[in-house]
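Computed over heavy atoms, backbone and side chain alike; hydrogens, waters and symmetry mates excluded. Within every chain, numbering begins at 1; the chains are lettered A, B, ... in the order of the sequence lines, protein sequences first and strands thereafter.
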Amino acid sequence: MIDLKVLRENPDLIRSTLKKRGVTLDLDEMIEKDKERRTRITEVQELKQQRNALSEEIGQLKRQGEEPAELMAQARDLAHKIKEKEDNQREIEQKFSELVQWIPNIPHDSVPVGTDAESNKFVRGMKTTPKTDFEVLPHWDICEALSMLDLKRAPKISGSRFILYKGMGALLERSLINFFLDLHTTKHGYTEIFPPILNPTDCLYGTGQLPKLEADMYRCRDDAFYLAPTAEVPLTNMHREEILLEKTLPIKYVAYTPCFRREAGSYGKEVRGITRVHQFNKVELVKYATPEQGYSEFEGMLSDAEAVVKMLELPYRVMLLCTGDMTFASAITYDIEVYAPGMDEWLEVSSISCYEQYQARRANIRYRKPGKGVDFVYTMNGSGLATPRTFIAIVENYQTKDGRIRIPTVLQKYMGTEYISK
RNA sequence: GGAGAGGUGGCCGAGCGGUCGAAGGCACCCGCUUGCUAAGCGGUUUCUCGUCGAAAGAUGGGACGGGAGUUCGAAUCUCCCCCUCUCCGCCA
């Protein structure tokens, strides 16, 4: 949720935001609705003020033993009028808030303007793709050969775009999750959370998946739950409707969860292998911070995620996403991409976003500044990391000429071996 | 799933139709005092939405789990829902 003051006082800022993001919304309608809404509020308030004065008077007379029938009749009339006006006002309020939910966050000044990934900006890391001295197999081939994935049987259970890990593949997956969690809890100071991942509508509005991404999520038929598309949802909603103490900030959480995405509209893209799937594992980082702490904590989160690819010794680069490639609620997003030589592609393994106060406004997450009132917190999150593509990168980068896979040093203690072979 | 108890400010906790935005405590902030790692005393401080104002602030509405209702008037009464606790049942 944007700050409504901006809508009133500086609508051009929002207009330029919409333009930068390539979003079309009827802003004038919203501004109009907002005005109407405030007029109605004032009307209702005036009536209530009258009623309160009358009630007060009646109360006093009654205490003196009188029975002010006429005043009471007057008050009754007022009460009817109030009810009518109030119903109407609530309706307008409702419509307005539905409209306003569609306004995306205002991008940070450093975010490049553009319509798609072409305009993303290289920040650091590897500039060119590394060369290998032999033909590297794409992950689907090497993993079949080493019985790490069962690409034939996954569809039998759940359909296309589901992963069935097997044997050393399953162990590698589990090892990655454990390595990520251990690193962030012991080295980076995050508190581990293992949250529920069936989340109600309110939570998805809170983090900004709804209303926009409705079609991209799985929904339960008999209960009002969505399957969380990311642990960001439970982790960020943990403190919804709370006023936190300033001294408790920043709060840093890490959680492993499976993530569920319908990937509606992506048919035909990236069909081969396990780059784009309906269910995947991810270790997610979430922070709550004060606005002052905000951007340094955000940079810290980026380096926490970056530490993972560094330790895995994968070729990677950090990209700053342009306005058109960023999600709706984000003010700024970095992607970490790793290179997969078998596919000859850069794969996004982490997306680190700062929402400033956008999510906090929606989920009503505030903090108290001692002696200086309350304000919304900054929220941010980042993958640290998502497994399928990390898995791909390992399998493709660590292939040996003789068809084995060497295990990255940091994973060896989790895997109990140095190589995966037939 | 059944029975009972309960959900009040940042936290704990009183209140059970009008004088209650809510005693008291903790915490916070501001003073003062004392001066063996810190304590004592006094004071302040709920949140939210309108309106006016550059702001400080002024003024009004609302909020006691959520929603509906009764009433001139609801934290207090009624109904529905949610959640927590205790007991029983069922069950991975």
(request) Sugar-phosphate atoms are those with a prime plus P, OP1 and OP2; base atoms are the rest. Using that split, label each nucleotide of nucleotides 47-53 of chain B B, S or - for protein heavy atoms under 4.0 Å, 5' to 3'. (result) SSBBS--
(request) List the protein contact pattern of nucleotides 68-75 of chain B with one symbol per nucleotide (5' to 3'): B for base contact, S for sugar-phosphate-only contact, - for none; contact means a heavy-atom distance under 4.0 Å. (result) SS--BS--
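The separation between A/Gln94 atom CD and B/G67 atom C1' is 13 Å, rounded to whole Å. Here the P atom of nucleotide B/U45 and the CD atom of A/Glu246 are 21 Å apart, to the nearest Å. Between the CG atom of A/Asn364 and the C1' atom of B/U46 there is a distance of 14 Å, given to the nearest Å. A/Asp87 has its CG atom 14 Å from the P atom of B/G67, to the nearest Å. To the nearest angstrom, P of B/G10 lies 16 Å from NE2 of A/His239. Put simply, CD on A/Gln50 is 12 Å from C1' on B/G60, counting in whole angstrom units. One interatomic measurement links the two molecules: NZ of A/Lys247 to P of B/C11, which rounds to 14 Å at whole-angstrom precision. As rounded to whole Å, 13 Å separates atom P of B/C83 from atom CG of A/Asp202.
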Please tabulate, for side-chain N and O atoms in residues 60-77 of chain A, each donor-acceptor pair with protein atoms closer than 3.5 Å (sequence neighbours left out).
none

Quick one: side chains of residues 409-422 of chain A, donor-acceptor pairs under 3.5 Å with protein atoms, not counting sequence neighbours, listed by atom name and distance.
residue, atom, partner, partner atom, Å
A/Gln412, NE2, A/Ile407, O, 2.9
A/Tyr414, OH, A/Asp182, OD2, 2.6
A/Thr417, OG1, A/Tyr419, N, 3.3
A/Thr417, OG1, A/Tyr419, O, 3.0

(message) What does the 5'-to-3' dot-bracket notation of RNA chain B look like when only Watson-Crick and G-U wobble pairs under 3.5 Å count, and pairs to other strands show as |?
(response) ((((((((.[[[..)..(.....]]](.((((.......)))).)(((((((....))))))).[[[[[..)....]]]]])))))))....
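Ion pair A/Lys287/A/Glu297 flagged as a salt bridge, since at least one NZ, NE, NH1 or NH2 atom sits closer than 4.0 Å to an Asp/Glu carboxylate oxygen. With salt bridges taken as basic N to acidic carboxylate O contacts below 4.0 Å, one links A/Arg8 and A/Asp34. By the 4.0 Å N-to-carboxylate-O rule, A/Arg124 lies close enough to A/Glu306 to be salt-bridged with it. With salt bridges taken as basic N to acidic carboxylate O contacts below 4.0 Å, none links A/Asp26 and A/Lys33. The pair A/Glu263-A/Arg261 does not count as a salt bridge, with every side-chain nitrogen at least 4.0 angstrom from each carboxylate oxygen.
Between the side chains of A/Arg406 and A/Gln399, not a single donor N or O lies within less than 3.5 Å of an accepting N or O. For the residue pair A/Glu173 / A/Asn281, a side-chain donor-acceptor distance below 3.5 Å is found, with atom types taken as modelled.
On the P atoms, B/U19 is 13 Å away from B/G62, given to the nearest whole Å. Comparing B/C11 with B/C30, their P atoms are spaced 22 Å from each other, to the whole Å. Of the P atoms belonging to B/G73 and B/A63, the separation is 13 Å, rounded to the nearest Å. B/U78 and B/G6 have their P atoms separated by 12 Å, with the value rounded to a whole Å. Comparing the C1' positions of B/C26 and B/U45 gives a spacing of 14 Å, expressed to the nearest Å. Comparing the C1' positions of B/C77 and B/G17 gives an interatomic distance of 8 Å, to the nearest angstrom. Here, B/C32 and B/A39 have their C1' atoms 14 Å apart, quoted to the whole Å. Separating the P atom of B/U86 from that of B/C81 is a span of 23 Å, rounded to the nearest Å.
At B/G61, one or more side-chain N or O atoms of A/Asn52 fall inside 4.0 Å of OP1 or OP2 (strictly under the cut-off).
Ring-plane geometry between A/His188 and A/Tyr190 is classed as perpendicular, the angle between the planes exceeding 60 degrees on a 0 to 90 degree scale with a lower cut at 30.
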(request) Before giving the answer on ring-ring contact (aromatic ring centres under 6.0 Å, His included), spell out for A/Tyr288 and A/His239 the whole-Å C-alpha distance, their side-chain angles and the decisive distance to 0.1 Å. (result) CA-CA 9 Å; A/Tyr288 302 70; A/His239 294 288; 4.9 Å; yes
(request) For salt bridge (charged side-chain N to carboxylate O under 4.0 Å, His left out), just list the numbers for A/Glu93 and A/Arg40, CA-CA rounded to whole Å, side-chain angles, deciding distance to a tenth of an Å, and then say yes or no. (result) CA-CA 9 Å; A/Glu93 199 84 50; A/Arg40 297 306 164 96; over 6 Å; no
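Listed by chain and residue number, A/Phe298 satisfy the ring-ring contact (aromatic ring centres under 6.0 Å, His included) test with A/Tyr334 (two or more places apart in sequence, or in another chain).
Between A/Lys369 and A/Leu245, the residue anchored nearer the 5' end of RNA chain B, judged by the nucleotide with its closest heavy atom, is A/Leu245.
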